[in-house]
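Taking it in order: structure first as C-alpha cells, then the write-up.
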Amino acid sequence: MRFLSCVQKARRKFESKRAVNKGIQAYAARYQKYSFSGTQCRDERQYEAVITRWYHTIEKGLAYENFRPGFGKSNLSALMASMENYIKAGYNTDTFFFQTALSTIEQYIQKNRRYGAETSELEKKINEMNLAEIKLLGGGGTISFTPHTAECVQQLGYKEFVKSRHSMRHFSDNPLDIEQVKKAVTLAQCTPSACNRQGWKSRIIEDKILLANLLENQNGNEGFGQEFDKLLLITADIRCFNRERELFQAFIDGGMYAQSILNALNYYHIASVPLSASLTEVQESNVRKLLNLHEAEVLIMFVGIGNYPDGVCLTTKSERRPAEIIVL
C-alpha cells in the first residue's frame with residue numbers, strides 16, 4: 001500500500017508539473033505570435049498599440065514642468081516610422097488613434113516653435129505623408145487642471161471621481177504625510193481577489209537613496225522621478241495561487257489591487273503616477289536585492305507619489321480609445 005501511495009503521489013506531481021509547463025508553453029507561443037517588436041507590426045491592432053505607445057511618450061515630455069525644447073527625437077522617429085508604415089500598409093488614417101497621434105505632433109510643433117526650436121524637418125515628414133486631410137479628431141497632447149481639495153474629492157460621485165484622477169509628473173517640495181499613504185493602502189485592501197486570498201503587498205519607500213537606486217532600475221521616470229517624495233512598489237505572492245489553474249492569477253489580482261491603490265491615493269488627495277514594473281532581467285535582479293524581495297513575489301507596479309504642486313497642474317491628455325463592447 002505504501003508503494004502504491006508513493007507511485008500515485010509521484011504521478012500527481014508529474015501531472016501537475018506537466019500542466020504548468022503546457023500552460024507556460026501555450027502562452028509563450030501565443031505571445032510570440034501576436035506581440036509586436038519595436039515598430040514592426042503585422043496587423044492594425046498592433047499598429048494602434050505601437051503608435052499610441054510612441055505618441056504618449058511625446059505627451060509626457062510636453063507635460064514636464066521643465067520643458068526641454070526639441071526633446072524626444074528618437075521617440076519621434078519611432079512614431080513617424082510607425083505611422084508611415086501604417087499608411088503604406090493601406091490602413092485608414094481617419095482612425096481615432098492615428099488622428100490623436102497627429103494632434104500630439106501638432107502640439108509638439110507649436111510648443112517647440114514658442115521656444116524657438118527647429119521643427120521644419122518634422123513638418124516636412126508630415127506633409128510627405130500625403131494625407132488628404134488632417135482632421136485631428138483625437139485630442140492628443142496635454143491638459144491643464146486644478147486638483148480638487150481632499151474634501152471635494154471625497155464628495156464626488158463615482159463617475160466624477162474616476163475622471164478626476166490624473167497621472168502627475170510634477171510634485172510639490174512639501175513632504176507627504178506617511179499616515180495618509182497608509183490610509184490609502186489600507187483602503188485598497190478592499191480589492192476583491194480570487195477566493196479572498198489577497199495575495200498582494202505594498203512597500204512604501206521613504207529613504208531617498210534607496211528610492212533613487214530603485215528608480216535607476218525603472219524604465220519610465222526620466223525627467224520627473226527626482227521629484228517623488230515617496231515610492232510604492234506593489235507585488236503579488238505566487239504562494240497564494242493554485243499551481244495547475246492559476247498560472248497568471250497573481251498578475252490579475254495584483255493588477256486589480258494596483259488600480260485600487262491609485263484610486264485610494266486620489267481619494268486621500270495624494271498625487272501619483274503609475275510606473276511599469278516590466279524590467280530587464282538585470283533590473284529586476286537589482287530591485288530584488290535592494291528590497292530583499294522573497295523569490296515568490298512578482299513585481300506588479302511602481303507608483304511615484306507626492307503632494308500636488310500649488311495652482312494649475314499640467315498633465316498628459318491620454319485620450320481614451322472608444323470602448324470596445326461585445327454583446328453576445
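Side chains are part of it too, since the values below use all heavy atoms of this structure and drop only hydrogens, waters and symmetry mates.
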Is [X] reaching over with its side chain to a backbone N or O of [Y], donor-acceptor style, under 3.5 angstrom?
{"X": "Arg197", "Y": "Ala194", "answer": "yes"}
{"X": "Thr315", "Y": "Ser167", "answer": "yes"}
{"X": "Ser103", "Y": "Gly140", "answer": "yes"}
{"X": "Glu246", "Y": "Arg243", "answer": "no"}
{"X": "Thr104", "Y": "Thr100", "answer": "yes"}
{"X": "Asn307", "Y": "Ile270", "answer": "no"}

Is the closest side-chain heavy-atom distance between [X] and [Y] below 4.5 Å?
{"X": "Met80", "Y": "Leu122", "value": "yes"}
{"X": "Tyr108", "Y": "Glu59", "value": "no"}
{"X": "Glu48", "Y": "Thr95", "value": "no"}
{"X": "Glu123", "Y": "Arg113", "value": "yes"}
{"X": "Asp237", "Y": "Lys201", "value": "no"}
{"X": "Leu314", "Y": "Met168", "value": "no"}
{"X": "Phe36", "Y": "Asp43", "value": "no"}

For residues [X] and [Y]: do they belong to one hydrophobic cluster (side chain heavy atoms under 4.5 Å, members Ile, Leu, Val, Met, Phe, Trp, Tyr)?
{"X": "Tyr55", "Y": "Ile143", "answer": "no"}
{"X": "Leu76", "Y": "Phe98", "answer": "yes"}
{"X": "Leu233", "Y": "Phe224", "answer": "yes"}
{"X": "Phe161", "Y": "Tyr308", "answer": "no"}
{"X": "Ile261", "Y": "Leu176", "answer": "yes"}

side-chain hydrogen bond (donor to acceptor under 3.5 Å, both in side chains) involving [X] - partner list, sequence neighbours excluded:
{"X": "His170", "value": "Glu227"}
{"X": "Asn263", "value": "Gln259"}
{"X": "Trp54", "value": "none"}
{"X": "Glu118", "value": "Ser120"}

Exercise for the section: Output the rest of the hydrophobic cluster of Tyr34: all Ile, Leu, Val, Met, Phe, Trp and Tyr residues reachable through side-chain heavy-atom contacts under 4.5 Å, sorted by chain and number. Expected result: none
Exercise for the section: Would you mind listing the cluster partners of Phe241? Hydrophobic ones only (ILVMFWY), side-chain contacts under 4.5 Å, chaining allowed. Expected result: none
First locate atom [atom1] of [X], then atom [atom2] of [Y], and finally report the distance between them rounded to the nearest 0.5 Å.
{"X": "Cys240", "Y": "Asn196", "atom1": "SG", "atom2": "CG", "result": "11.0 Å"}
{"X": "Gln40", "Y": "Ser82", "atom1": "CD", "atom2": "OG", "result": "8.5 Å"}
{"X": "Thr39", "Y": "Met83", "atom1": "OG1", "atom2": "CE", "result": "13.0 Å"}
{"X": "Thr119", "Y": "Glu106", "atom1": "OG1", "atom2": "CD", "result": "9.0 Å"}
{"X": "Ser77", "Y": "Lys125", "atom1": "OG", "atom2": "NZ", "result": "5.0 Å"}
{"X": "Ser193", "Y": "Asp253", "atom1": "OG", "atom2": "CG", "result": "5.5 Å"}

Short side-chain donor-acceptor distance under 3.5 Å, [Y] and [X]:
{"X": "Gln218", "Y": "Ser276", "value": "no"}
{"X": "Lys183", "Y": "Gln180", "value": "yes"}
{"X": "Tyr86", "Y": "Glu44", "value": "yes"}
{"X": "Asn219", "Y": "Gln283", "value": "yes"}
{"X": "Asn75", "Y": "Thr57", "value": "yes"}
{"X": "Asp310", "Y": "Ser172", "value": "no"}

Handout entry: side-chain contact (heavy atoms from CB on, under 4.5 Å), paired with Leu265, selected from Pro274, Ser272, Ser260
Key = Ser272
Handout entry: Within 6.0 angstrom of Asp173 CG, more than 12 heavy atoms from elsewhere
Key = no
Practice task
Could you tell me whether Glu222 and Arg169 have a side-chain N and a carboxylate O separated by less than 4.0 Å?
Solution key: no
Handout entry: Nearest non-hydrogen partners of Ile234 and Gly254, listed with the distance
Key = CG2-O, 4.4 Å
Handout entry: For Ser164 against Asn266, the heavy-atom pair lying closest together
Key = OG-ND2, 3.1 Å
Exercise for the section: Could you check Asn217 against Asn286 for side-chain hydrogen bond (donor to acceptor under 3.5 Å, both in side chains), going step by step and ending with a plain yes or no? Expected result: CA-CA 7 Å; Asn217 292 281; Asn286 291 340; 2.9 Å; yes
Practice task
Cation-pi check, Arg321 to Phe96: give yes when NZ or CZ is under 6.0 Å from the six-membered ring centre and within 45° of the ring axis, no otherwise.
Solution key: no
Side chains of residues 287-306: which donor-acceptor partners sit under 3.5 Å, not counting sequence neighbours?
residue: Arg288; atom: NE; partner: Glu284; partner atom: OE2; Å: 3.1
residue: Arg288; atom: NH1; partner: His294; partner atom: O; Å: 3.2
residue: Arg288; atom: NH1; partner: Glu297; partner atom: O; Å: 3.1
residue: Arg288; atom: NH2; partner: Glu284; partner atom: OE2; Å: 3.1
residue: Arg288; atom: NH2; partner: Glu297; partner atom: O; Å: 2.4
residue: His294; atom: ND1; partner: Ala296; partner atom: N; Å: 2.9
residue: His294; atom: NE2; partner: Arg239; partner atom: NH1; Å: 3.3
residue: Glu297; atom: OE1; partner: Arg203; partner atom: NH1; Å: 2.8
residue: Glu297; atom: OE1; partner: Arg203; partner atom: NH2; Å: 3.4
residue: Glu297; atom: OE1; partner: Thr235; partner atom: OG1; Å: 2.6
residue: Glu297; atom: OE2; partner: Arg203; partner atom: NH2; Å: 3.0
residue: Glu297; atom: OE2; partner: His294; partner atom: N; Å: 3.2

Exercise for the section: On the 0 to 90° scale, with breaks at 30° and 60°, tag the Phe228-Phe171 ring pair as parallel, tilted or perpendicular. Expected result: perpendicular
Exercise for the section: Go through the steps for Gln110 and Asn112 under the test side-chain hydrogen bond (donor to acceptor under 3.5 Å, both in side chains), then give the verdict. Expected result: CA-CA 6 Å; Gln110 290 176 1; Asn112 274 281; over 6 Å; no
Problem - salt bridge (Lys or Arg N to Asp or Glu O under 4.0 Å) against Glu206, all qualifying residues, sequence neighbours excluded - result: Lys230
Cut-off 3.5 Å, no hydrogens considered: what does the side-chain donor-acceptor table look like for residues 145-159, sequence neighbours left out?
residue: Thr149; atom: OG1; partner: Cys152; partner atom: N; Å: 3.1
residue: Gln154; atom: NE2; partner: Tyr267; partner atom: O; Å: 3.1

Practice task
Report the residues that fulfil ring-ring contact (aromatic ring centres under 6.0 Å, His included) with Phe67, sequence neighbours left out, ordered by chain and then residue number.
Solution key: Phe71, Tyr115
Handout entry: With Lys182 via side-chain contact (heavy atoms from CB on, under 4.5 Å) - residues at least two apart
Key = Ile178, Glu179, Ile204
Problem - Residues which pass side-chain contact (heavy atoms from CB on, under 4.5 Å) with Asn127, listed by chain and number, not counting sequence neighbours - result: none
